[in-house]
Undergrad: 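Mind having a look at this structure? Questions to follow.
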Amino acid sequence: MLFARLARVSQEVAATSARSRKTALLAELFRDAEADDVPIVIPYLAGRLPQGRLGIGWKLLSRPVAPATDPTLTVREVDARLTAVGAVSGSGSQAERGRLVGELLAAATADEQRFLFGLLTGEVRQGALDALAVEGLAEATGAPAADVRRAVMLAGSLRAVARALLADGPSALDRFRLTVGRPVLPMLAHSASSVAEAVEKLGLCAVEEKLDGIRVQVHRDGDDVRLYTRTLDDITDRLPELTSAALELKGERFILDGEVIALDENGRPRSFQETAGRVGSRVDVATAAHEVPVSPVFFDALSVDGRDLLDLPFAERHDVLARLVPEPMRVRRTLAHGRDDLATAEEFLAGTLRRGHEGVVLKALDAPYTAGRRGASWLKVKPVHTLDLVVLAAEWGHGRRTGKLSNLHLGARNPDGSFAMLGKTFKGMTDAMLTWQTERLSELVVEETRWGVTVRPELVVEIAYDGLQRSTRYPAGVTLRFARVVRYREDKSPAEADTVEALLDAHPEVTR
DNA sequence: TTCCGACAGTGGGGTCGCAAT
DNA sequence: ATTGCGACCCCACTATCGGAA
């Protein structure tokens with residue numbers, strides 16, 4: 001299949017807003033793909049490369065290349081060339097990768113270049129990613145979409161499912177079963193604004209501590225233990241103490257879901273930054289493990305001793321978990337019977353926060369284990385802090401925010417009346433707010449830059465955030481975690497904005 | 001007809017590791 | 001030795017479509 005066809009279909013998908021039409025366009029293309037093209041076409045039209053990331057970013061793509069006049073590239077040729085790019089390593093590799101990418105771009109027409117650019121930077125912006133590719137695949141093959149989704153969850157790979165499905169038809173889906181050693185897409189939680197809201201929605205539920213660590217899926221088959229992250233990356237080699245912990249459990253074959261977190265000598269959580277740094281360390285694991293040991297904390301069992309537990313209600317999965325995993329290695333929890341036990345749930349949240357954790361996750365006891373964002377049977381609740389900060393600058397937005405000032409630079413007051421930047425945010429704005437702030441900030445401009453504008457520090461905005469973390473980037477030595485706009489405070493003057501000092505006082509754990 | 005679940009988009013900060021300087 | 005860059009962790013929120021109620 002010609003690569004130009006994919007580029008054209010991607011453009012058509014981007015041009016329509018109707019999901020049904022996007023799905024139909026994808027399905028038509030999938031039907032026409034030859035068997036060998038499928039493993040390439042599927043990820044491409046889901047906006048990804050089958051090779052994953054290739055170490056190519058905006059920097060390497062910034063040099064324009066004259067496009068070819070006629071489309072000659074095939075899908076398989078593009079794939080082969082990108083595989084070659086990914087294989088380059090060692091000294092001078094940046095230049096070599098740049099050269100290979102340049103050659104590929106030179107062989108591509110303008111339309112093909114645009115699509116390639118999107119694939120390489122991960123910004124195809126066609127309004128269709130994995131989920132719509134699944135829908136398209138279902139439509140192309142006549143398989144029920146729910147069955148395809150489940151197979152993708154079990155395979156942990158859309159590509160593998162697509163290949164089997166297009167080669168052998170819907171019956172191929174039966175081949176995808178939960179297998180120890182093969183990671184599955186993890187179940188995710190939605191947010192709720194309060195324990196009361198969550199309890200109301202879920203009825204009978206477990207209330208579990210939400211630990212601020214890294215999600216981990218642990219597979220054990222006899223002596224073989226494998227560890228996977230939320231995106232199914234294999235991190236077995238980085239966390240030897242988790243392998244040891246899994247081998248100590250009295251079960252030969254299982255898949256467990258949990259969190260890995262660094263705790264101090266009192267059992268209180270160390271900062272997320274410390275846990276993330278540890279889990280990210282690959283080179284000198286022994287030293288990292290000595291300095292920041294981590295602990296597994298399990299909350300679900302997907303498979304134990306050959307029994308697939310995914311479709312069991314959470315209550316039963318947890319019974320199995322509790323028989324296999326001793327209490328210190330399980331997440332702390334309580335049960336709540338809907339509204340009647342609201343006080344129980346709220347007390348548990350308060351206790352969790354006192355113990356230094358992030359919040360709670362409430363889980364319906366009757367819900368099966370489902371991947372992705374489908375189903376709101378897990379609801380997380382975290383406390384939210386707010387501040388009144390001053391807008392110091394704003395950056396021009398991209399994509400649907402092109403032409404709007406989007407990303408705000410936020411400052412808190414210093415004792416001398418100046419402002420210390422605490423971070424940025426682009427979250428929480430409605431379209432109306434984007435329009436309004438673009439106009440309002442334009443009146444306050446003191447300097448225009450390539451990326452946006454700096455403004456007179458006069459506009460006060462209420463910002464919600466999850467907590468404070470250390471920063472080497474910002475002058476106060478701290479930055480806000482997950483900052484988002486709540487509303488503008490035109491009733492407040494910059495002199496009434498919150499101070500750096502008050503912020504630090506409110507989060508003593510960060511500076512201690 | 002209205003409501004709501006699911007999706008995509010829009011980017012935030014940090015850390016690690018590699019390559020370039 | 002330091003710096004720049006990309007990958008991958010954590011993530012909130014809004015707009016929109018389309019099926020459910």
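Below, read A as the first sequence line, B as the second, and so on, with proteins coming before strands; counting in each chain starts at 1.
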Undergrad: Considering every strand and a 4.0 Å limit on heavy-atom distances, what is the contact class for A:Thr231: base, sugar-phosphate, or nothing?
TA: sugar-phosphate
Undergrad: Considering only NZ, NE, NH1 and NH2 on the basic side and carboxylate oxygens on the acidic side, decide whether A:Arg282 and A:Asp237 come within less than 4.0 Å.
TA: no
Undergrad: With a 4.0 Å cutoff (strictly under), does any side-chain N or O of A:His398 reach OP1 or OP2 of B:dG9?
TA: no
Undergrad: If you assign A:Met421 and A:Asp130 each to the DNA chain B nucleotide with the nearest heavy atom, which residue ends up on the more 5' nucleotide?
TA: A:Asp130
Undergrad: Specify the angle, to 10°, made by the local axes at the two ends of the helix from B:dA8-C:dT14 to B:dT21-C:dA1 when five pairs are taken at each end.
TA: 20°
Undergrad: Rounded to the Å, how far apart are A:His409 NE2 and B:dG11 P?
TA: 12 Å
Undergrad: Does a side-chain N or O from A:Arg400 land closer than 4.0 Å to OP1 or OP2 of B:dT10, or not?
TA: no
Undergrad: Nearest-Å distance, CZ (A:Arg230) to C1' (C:dC8)?
TA: 11 Å
Undergrad: Any side-chain N or O of A:Thr229 less than 4.0 Å from the OP1 or OP2 oxygen of C:dC9?
TA: yes
Undergrad: Could one point to a donor on the side chain of A:Arg278 or the base of B:dT15 with an acceptor on the other under 3.5 Å away?
TA: no
Undergrad: Would you say the side chain of A:Arg81 lies within less than 4.5 Å of the side chain of A:Leu104, judging by non-hydrogen atoms?
TA: yes
Undergrad: Distance check: side-chain N/O of A:Asn407 vs OP1/OP2 of B:dG12, anything under 4.0 Å?
TA: yes
Undergrad: Can you tell me if A:Ser20 touches the phosphate of C:dG18, counting only side-chain N or O atoms and a distance under 4.0 Å to OP1 or OP2?
TA: yes
Undergrad: To the nearest angstrom, how far is A:Arg473 atom CZ from C:dT3 atom C1'?
TA: 13 Å
Undergrad: Identify whether any heavy atom of A:Lys210 sits under 4.0 Å from a base atom; if not, whether one sits that close to sugar-phosphate; answer base, sugar-phosphate or nothing.
TA: sugar-phosphate
Undergrad: For B:dG11 and A:Ser406 - does any side-chain N or O of the residue sit under 4.0 Å from the phosphate oxygens OP1/OP2?
TA: yes
Undergrad: Counting the atoms with a prime plus P, OP1 and OP2 as sugar-phosphate, which does A:Lys380 contact under 4.0 Å by heavy atoms, base, sugar-phosphate, or nothing?
TA: sugar-phosphate
Undergrad: Under 4.0 Å, heavy atoms only, any strand: does A:Ile235 hit a base, just the sugar-phosphate, or nothing?
TA: nothing
Undergrad: Describe the nucleic acid contact of A:Gln126 in one word from base, sugar-phosphate, nothing, applying a heavy-atom distance below 4.0 Å.
TA: sugar-phosphate
Undergrad: Considering every strand and a 4.0 Å limit on heavy-atom distances, what is the contact class for A:Lys427: base, sugar-phosphate, or nothing?
TA: base
Undergrad: Report yes if at least one side-chain N or O of A:Ser471 is closer than 4.0 Å to OP1 or OP2 of B:dG14; otherwise report no.
TA: yes
Undergrad: Between B:dT10 and A:Arg125, is there an OP1 or OP2 to side-chain N/O distance shorter than 4.0 Å?
TA: yes
Undergrad: Between B:dT10, C:dT14, C:dT16, which nucleotide gets closest to the side-chain atoms of A:Thr430?
TA: C:dT14
Undergrad: Of the nucleotides B:dA20, B:dG9, C:dA12, which has the atom closest to the A:Leu129 side chain?
TA: B:dG9
Undergrad: So, does A:Arg401 get its side chain near the phosphate of B:dT10, meaning an N or O under 4.0 Å from OP1 or OP2?
TA: no
Undergrad: Between A:Glu96 and A:Trp396, which is nearer to the 5' end of DNA chain B once each is assigned its nearest nucleotide?
TA: A:Trp396
Undergrad: Between B:dA19, C:dG18, B:dG11, spot the one nearest the side chain of A:Phe426, thanks.
TA: B:dG11
Undergrad: When we call it a touch if two heavy atoms are under 4.0 Å apart, what does A:Asp431 touch: a base, just sugar-phosphate, or nothing?
TA: sugar-phosphate
Undergrad: Within a strict 4.5 Å, meaning less than it, do heavy atoms of the A:Glu291 and A:Arg278 side chains meet?
TA: no
Undergrad: For C:dC17 and A:Ser17 - does any side-chain N or O of the residue sit under 4.0 Å from the phosphate oxygens OP1/OP2?
TA: yes
Undergrad: State whether A:Lys382 places a side-chain N or O below 4.0 Å from either non-bridging phosphate oxygen (OP1 or OP2) of C:dA12.
TA: yes
Undergrad: With sugar-phosphate meaning primed atoms plus P, OP1 and OP2, does A:Ala464 contact a base, only sugar-phosphate, or nothing at under 4.0 Å between heavy atoms?
TA: nothing
Undergrad: Answer yes or no on whether A:Lys363 is positioned over the face of A:Phe299, meaning its NZ or CZ is under 6.0 Å from the six-membered ring centre and within 45° of the axis.
TA: yes
Undergrad: Respond yes when some side-chain nitrogen or oxygen of A:Tyr465 is under 4.0 Å from OP1 or OP2 of C:dA12, and no when none is.
TA: no
Undergrad: By the 4.0 Å heavy-atom rule, please label A:Leu480 as base, sugar-phosphate, or nothing.
TA: nothing
Undergrad: State yes or no: are the ring centers of A:Phe419 and A:His409 separated by less than 6.0 Å?
TA: no
Undergrad: Would you call A:Lys382-A:Asp466 a salt bridge at under 4.0 Å N-O?
TA: yes
Undergrad: Show every donor-acceptor pair shorter than 3.5 Å between a side-chain atom in residues 472-482 of chain A and any protein atom, with sequence neighbours excluded, or say none if there are none.
TA:
unit_1	atom_1	unit_2	atom_2	d
A:Thr479	OG1	A:Leu422	O	2.6
A:Arg481	NH1	A:Asp212	OD2	2.6
A:Arg481	NH2	A:Asp212	OD1	3.3

Undergrad: Report which part of the nucleic acid A:Thr425 touches: base, sugar-phosphate, or nothing (heavy-atom distance under 4.0 Å, all strands).
TA: nothing
